[in-house]
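Residue numbers begin at 1 in each chain, while the letters A, B, ... track the order of the sequences.
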Amino acid sequence: MAADVYDKVFQVAKRRGFLYPSFEIYGGAAGFYDYGPLGAALKANIEELFREFYVTREGCAEISCPSVTPEEVFIASGHVAQFTDPMVKCSQCGEGFRADHLIEGAGFEGNVDVSDTTAMDTLILEHKVNCLHCGGRLAEVYHQNLMFGTEIGPGTRRKGYLRPETAQGIFIDFPHLYRYFREKLPFGVIQFGRGYRNEISPRQGMIRLREFNMMEAEIFLDPAEGKGHPDFAEVTGRVLPLVPKTTGERTEVRLGDAVKDGVVRNEALAYYMALTYDFLVSVGLDPEKIRFRQHLDTEMAHYANDCWDAEFLSARFGWVECVGIADRSAYDLTSHAKASKENMDALRRYDEPKEVSRTIVFPITKVLGPLFKGKAKAVADALAELDPGTVTPEAAVTVSVDGEHLEVPPEGYEIKTVNEKVAGESFTPHVIEPSYGLDRILYAGLEHAYEEDEAVDEESGEKEVYRRLRLPARVAPIKVGVFPLISKEGLPEYAQTVDRRLRRAGIPTFYDDSGTVGRRYARQDEIGTPFCVTIDFDTLGDGEHKDTVTVRDRDTRRQVRLPVNELAGWVRAKLRLAGKHETVMPAIDA
RNA sequence: GCGGGCAUAGUGAAGUGGUAUCACUAUGGCCUUCCAAGCCAUCAGCCCGGGUUCGAAUCCCGGUGCCCGCACCA
């Protein structure tokens with residue numbers, strides 16, 4: 001059982017307090033992990049970085065919606081019907097199959113209605129489908145929905161689900177958000193949150209979780225404006241590693257060309273791919289181990305019409321999706337508008353309101369009222385819906401109300417031409433969705449940051465593994481380790497005041513005076529602390545180094561001596577630089 | 001869900017029916033003037049349940065979890 005990088009990373013993560021398997025004292029549960037103190041800090045730092053990218057830089061607004069969600073939402077979104085796999089098991093050997101795949105494989109022409117289990121049972125009988133494995137008889141088809149169900153309120157008042165994605169909350173709030181953004185497109189909204197998927201067999205550790213953290217952005221835009229991005233010009237020259245669906249081959253192309261050649265469907269998708277690349281690199285992923293793979297038509301989610309996954313290369317799992325950038329078109333808003341009967345449209349304003357003259361069928365309600373009593377309102381509405389061109393003037397007209405045909409006499413309506421001012425035309429915005437899997441990104445960051453050397457002890461000659469996490473300073477849970485060189489003669493006291501000053505300045509630190517300084521460096525290297533500060537006798541003395549400390553860089557082990565008064569500012573400057581990979585690990589001047 | 005393997009301290013390992021060992025880590029102390037030094041002490045463990053036996057970490061049965069395949073994976 002050669003320990004691969006996953007094992008090694010996980011071992012450090014567990015031992016040092018990044019990650020713990022959840023519910024461990026009760027035997028654990030696959031697909032759930034706890035974030036320990038360092039993991040929670042790392043997660044918070046990644047979230048903060050996401051805010052920096054999407055809220056500060058892109059101007060998105062952050063909202064936060066519940067995880068527990070009424071069933072109607074997921075009926076409208078398609079998840080109840082489609083976030084499910086129709087399963088059928090062999091009654092003999094127990095082998096499980098996708099029922100619809102079996103039926104299609106048996107020569108059935110046409111669409112299998114995956115929502116109708118009895119229809120599928122019938123089809124299985126008709127086509128004499130047996131177990132592919134042992135030839136045994138198949139049991140009944142059942143739905144394996146991957147959402148966690150629950151009830152809202154005591155008893156079974158109202159069915160609900162834990163959300164499988166945070167996006168729906170944003171879509172549902174669209175009318176509010178549209179007003180918040182003063183009825184102007186495009187705008188973006190982000191949400192951090194947990195999502196839940198009751199995976200059948202989550203056996204890939206941090207990669208496939210049943211409860212996981214997402215950072216999702218929904219960018220609403222007007223499709224008539226070509227799905228562009230105001231800053232697209234800044235990224236046209238960027239070259240990203242792309243794996244288009246047409247070839248399946250990795251190519252490196254300028255984004256401007258990729259859009260021009262139709263490889264990437266629109267500017268907005270391409271822009272967010274570039275942004276995502278920068279984000280992943282800032283979190284500490286190895287730029288050489290990132291690529292963008294386009295979904296094949298067959299693997300696209302039910303709501304998407306184009307989707308590029310950012311994938312990272314894992315030593316154990318191969319290429320793993322960690323961000324999905326999808327063009328969801330108008331799918332979600334249209335679905336919710338239809339299901340809720342709310343208006344989810346936006347208005348494309350004309351420069352000047354237009355005078356439009358329109359011919360309409362105008363109901364004369366004072367005639368319809370006495371004539372149709374309770375149904376008068378419905379009749380009036382039905383009349384107004386009619387196309388004036390189909391109505392013969394001065395004649396009775398028949399309308400259909402609740403399946404009943406009613407004849408309206410000529411005096412019940414009037415055909416007239418009205419002049420209206422139209423401010424614009426309404427349309428359903430399209431959505432570009434960059435959706436980030438936080439847990440996977442965090443794991444990727446750890447795996448790509450992990451480094452070990454075999455150190456040979458000079459005295460004993462024994463080999464020892466030296467582990468180091470080269471996390472970017474920006475995301476490292478602890479920024480500075482603070483040590484007295486040795487534990488005596490006032491060094492610890494002085495070091496503690498340095499530690500305290502740094503923390504008061506908003507810099508997370510770890511004070512350590514145990515063992516030798518080398519051991520303390522090792523401990524901090526292992527959790528990715530970028531800087532360690534040591535207080536020595538020169539600090540206390542009256543010489544030229546009075547009130548100066550040494551700062552040691554994790555990756556180069558180089559040291560620099562700084563006045564203690566400048567320390568907090570120096571560290572903060574290094575942390576601010578951490579937006580790009582090249583600058584996150586600055587060498588310290590010797 | 002199916003088949004196979006595994007389960008001993010925080011970590012890694014030893015332990016073929018008779019007092020559970022060892023290393024590392026951690027904690028306290030001594031020592032220590034910059035990269036896992038040394039010394040002393042301390043904490044902490046047989047996955048769960050049942051069976052066989054005078055006696056089970058060890059043998060048997062069942063369960064759970066993890067790993068590897070198959071299947072599944074918007």
Does anything in residues 478-488 of chain A come within less than 4.0 Å of RNA chain B? Heavy atoms only, and list the residues if so. A/Leu485, A/Ile486, A/Ser487, A/Lys488

If B/G49 has a Watson-Crick or G-U wobble mate with both distances under 3.5 Å, name it; if not, just say none. B/C61

Hey, does the side chain of A/Arg15 come within less than 4.0 Å of B/A9's phosphate (OP1/OP2), counting only N and O? no

Rounding to a whole Å, what distance do you find between A/Gln559:CD and B/C34:P? 10 Å

Rounded to whole Å, please give me the gap between CZ in A/Phe23 and P in B/U64. 18 Å

If I compare all heavy atoms of A/Gln524 with all of A/Cys532, which pair ends up nearest, and what's the gap? CB-SG, 3.8 Å

For the P atoms, the ones on B/U19 and on B/A56, what distance do you get once it is rounded to whole angstrom? 12 Å

Closest approach of A/Phe192 to A/Ile190 (non-hydrogen atoms, all atoms of both residues): CE1-CD1, 3.8 Å

What is the distance, rounded to the nearest whole Å, between atom CZ of A/Arg210 and atom C1' of B/G65? 12 Å

Pairing check on B/C34: which nucleotide meets the Watson-Crick or G-U wobble criteria with it, both distances under 3.5 Å? none

Centroid-centroid distance, A/Tyr511 to A/Phe483, less than 6.0 Å: no

Going by purine N1 to pyrimidine N3 plus the second Watson-Crick contact, or the G-U wobble pair, all under 3.5 Å, which nucleotide sits opposite B/U19? none

Could you check how far CZ of A/Phe32 sits from P of B/U64, rounded to whole Å? 17 Å

Describe the nucleic acid contact of A/Pro21 in one word from base, sugar-phosphate, nothing, applying a heavy-atom distance below 4.0 Å. nothing

Rounded distance (Å) that lies between atom P of B/C24 and atom CD of A/Glu526: 16 Å

Could you state the atom-to-atom distance from CZ of A/Arg523 to C1' of B/G10 in whole Å? 14 Å

Classify the ring geometry of A/Phe171 against A/His336: parallel below 30°, tilted from 30° to 60°, perpendicular beyond 60°. tilted

Sticking with atom P, work out how far B/G12 lies from B/C67, rounded to a whole angstrom. 14 Å

Report which part of the nucleic acid A/Arg16 touches: base, sugar-phosphate, or nothing (heavy-atom distance under 4.0 Å, all strands). nothing

Rounding to an integer number of angstrom, what distance separates B/C60 and B/U16 when you compare their C1' atoms? 15 Å

For A/Val517 and for A/Ser514, find the nucleotide of RNA chain B with the closest heavy atom, then tell me which residue's nucleotide is more 5'. A/Ser514

Could you tell me whether a side-chain N or O of A/Arg16 sits under 3.5 Å from a main-chain N or O of A/Arg523, the two making a donor and an acceptor? yes

If you find the nucleotide of RNA chain B closest to A/Pro164 and the one closest to A/Tyr6, which residue's nucleotide is nearer the 5' end? A/Tyr6

When rounded to the nearest Å, what value does the distance between C1' atoms of B/C39 and B/C6 take? 39 Å

Could you give the distance separating B/U25 and B/U64 at their C1' atoms, to the nearest angstrom? 29 Å

Strictly below 4.0 Å: does A/Thr516 bring a side-chain N or O up to OP1 or OP2 of B/U32? no

Integer-rounded Å distance: B/G12 C1' and A/Arg467 CZ: 10 Å

If you measure from the P atom in B/A20 to the same atom in B/U27, how many Å do you get, rounded? 29 Å

So which nucleotide does B/G1 pair with, by the Watson-Crick or G-U wobble rule with both distances under 3.5 Å? B/C70

Report yes if a side-chain nitrogen or oxygen of A/Lys14 is closer than 4.0 Å to either non-bridging phosphate oxygen (OP1 or OP2) of B/U11; otherwise report no. yes

Search all heavy atoms of A/Pro492 against all heavy atoms of A/Ile486 and return the closest pair with its distance. CD-O, 4.1 Å

Any donor-acceptor N/O pair, A/Tyr331 side chain to A/Ser77 backbone, under 3.5 Å: yes

Is a donor-acceptor contact shorter than 3.5 angstrom present between the side chain of A/Arg552 and the base of B/C34? no

What is the separation between atom CE on A/Met147 and atom P on B/C72, rounded to the nearest whole Å? 21 Å

Taking the P atom of each, how far is B/A57 from B/A9, in whole Å? 14 Å

Minimum heavy-atom separation for A/Met147 to A/Tyr161, with atom names? CB-CD2, 3.7 Å

If we take the P atom in both B/U58 and B/C40, what is their distance in whole Å? 35 Å

Cation-pi geometry met for A/Arg291 and A/Trp319 (6.0 Å, 45°): yes

Audit row: A/Phe10, A/Phe18, ring-ring contact (aromatic ring centres under 6.0 Å, His included) steps and yes/no: CA-CA 9 Å; A/Phe10 218 86; A/Phe18 285 91; over 10 Å; no

Name the pairing partner of B/C24, where a pair is Watson-Crick or G-U wobble with both distances under 3.5 Å, or state none. B/G10

When you get a sec, tell me which of B/A36, B/C67, B/C34 is the closest nucleotide to the side chain of A/Asp536? B/C34

If only side-chain N and O atoms of A/Arg519 are considered, is one of them under 4.0 Å from the OP1 or OP2 phosphate oxygen of B/A37? yes

